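Remember, it's a predicted structure, so these values are computed and weren't measured experimentally.
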Amino acid sequence: MHPLLLAATAFVASAVEAVEAVTIVLAVGYTQGWAPALRGAAWACAALTAIILITGPALVHFVPLGALQLVIGIFLVLFGFTWLRKAIWRACGRKALHDESAIFARQVEALKDAREQRLGFVTSFNGVLVEGLEIAVIVITLGAAATAGFAWASIGAAAAALVVIGVAIVLRHPFSRVPENLMKFVVGVMLISFGTYWTGEGLGIAWPLRDATLLAVIAINIVWSVALVAWLRRLRPLTA
């Protein structure tokens with residue numbers, strides 16, 4: 001279960017970022033041509049692959065596992081809290097939902113008057129690189145703190161990228177119907193749960209149920225997050 005949870009968390013988190021990256025590439029392709037859009041995306045993917053392959057194994061081989069678990073655990077809790085906080089605010093109606101169609105329209109508007117293919121290449125490269133860096137962070141942090149975790153996290157991230165790219169090739173349309181807020185909610189819960197579990201291991205805590213403790217931590221985080229959304233929905237909405 002533990003490796004599968006790693007892969008599943010990396011998959012969902014990476015899918016969210018991949019959707020945003022593909023939206024940018026689609027906008028560039030429709031306005032500046034598919035050659036610069038795909039070329040920029042390809043170079044960005046090559047750079048991200050190098051970052052993951054170099055940084056991930058280096059952490060595993062040169063940093064003690066206990067220290068790695070503690071540092072990465074704290075980082076994941078903070079990183080996951082950022083995702084979960086935004087998802088909770090959106091779920092209770094206090095923050096606008098993420099709209100990929102609107103993002104696509106803004107990208108097209110910004111690019112349609114520009115005629116140089118260089119701009120399309122740079123936009124595609126930067127968009128994929130920025131969104132992909134978050135995927136790299138997820139893969140490296142999830143993978144480095146667990147035995148064989150790097151391979152499982154990489155598999156999850158790669159599968160997410162392939163699925164999103166495959167859907168984009170078939171549909172050629174922004175992912176406006178993807179339940180992105182739900183995905184971010186799930187990712188936030190999972191990152192906080194892994195972070196809590198690994199922080200405890202880094203501090204030398206002997207979890208009573210070993211890896212099964214992680215399932216209990218996930219359940220607790222789901223319960224308090226859903227309860228918080230329900231409570232916030234009862235309060236008067238914030239004024240702009």
ILVMFWY cluster, Leu162 and Trp152 together (side-chain gap under 4.5 Å): no
Pairwise side-chain contact, Val226 with Phe185, heavy-atom cut-off 4.5 Å (strictly under): yes
Cluster check Ile51, Ile155: I/L/V/M/F/W/Y, side chain < 4.5 angstrom: no
Within one Ile-Leu-Val-Met-Phe-Trp-Tyr cluster: Met190 and Val229, side-chain cutoff 4.5 Å: yes
Phe125 side chain reached by Val128 side chain, heavy atoms, under 4.5 Å: no
OG1 on Thr199 to CD1 on Ile192, rounded to 0.5 Å: 11.5 Å
Leu84 vs Leu191 side-chain heavy atoms within contact, under 4.5 Å: no
Heavy-atom side-chain contact between Thr82 and Leu78 under 4.5 Å: no
Rounded distance (nearest 0.5 Å) linking atom CG of Leu48 with atom CH2 of Trp43: 13.5 Å
Distance, nearest 0.5 Å, that separates CG of Leu76 from OH of Tyr197: 14.0 Å
Donor-acceptor pair, side chain of Ser124 and main chain of Ala41, under 3.5 angstrom: yes
Side-chain heavy atoms of Arg39 within contact of Pro36, under 4.5 Å: yes
Arg233 (side chain) donor-acceptor with Ala91 (main chain) under 3.5 angstrom: yes
Nearest-0.5 Å distance, SG of residue Cys92 to CH2 of residue Trp89: 6.5 Å
Interatomic distance, Phe81 atom CZ to Ile88 atom CD1 [nearest 0.5 angstrom]: 7.5 Å
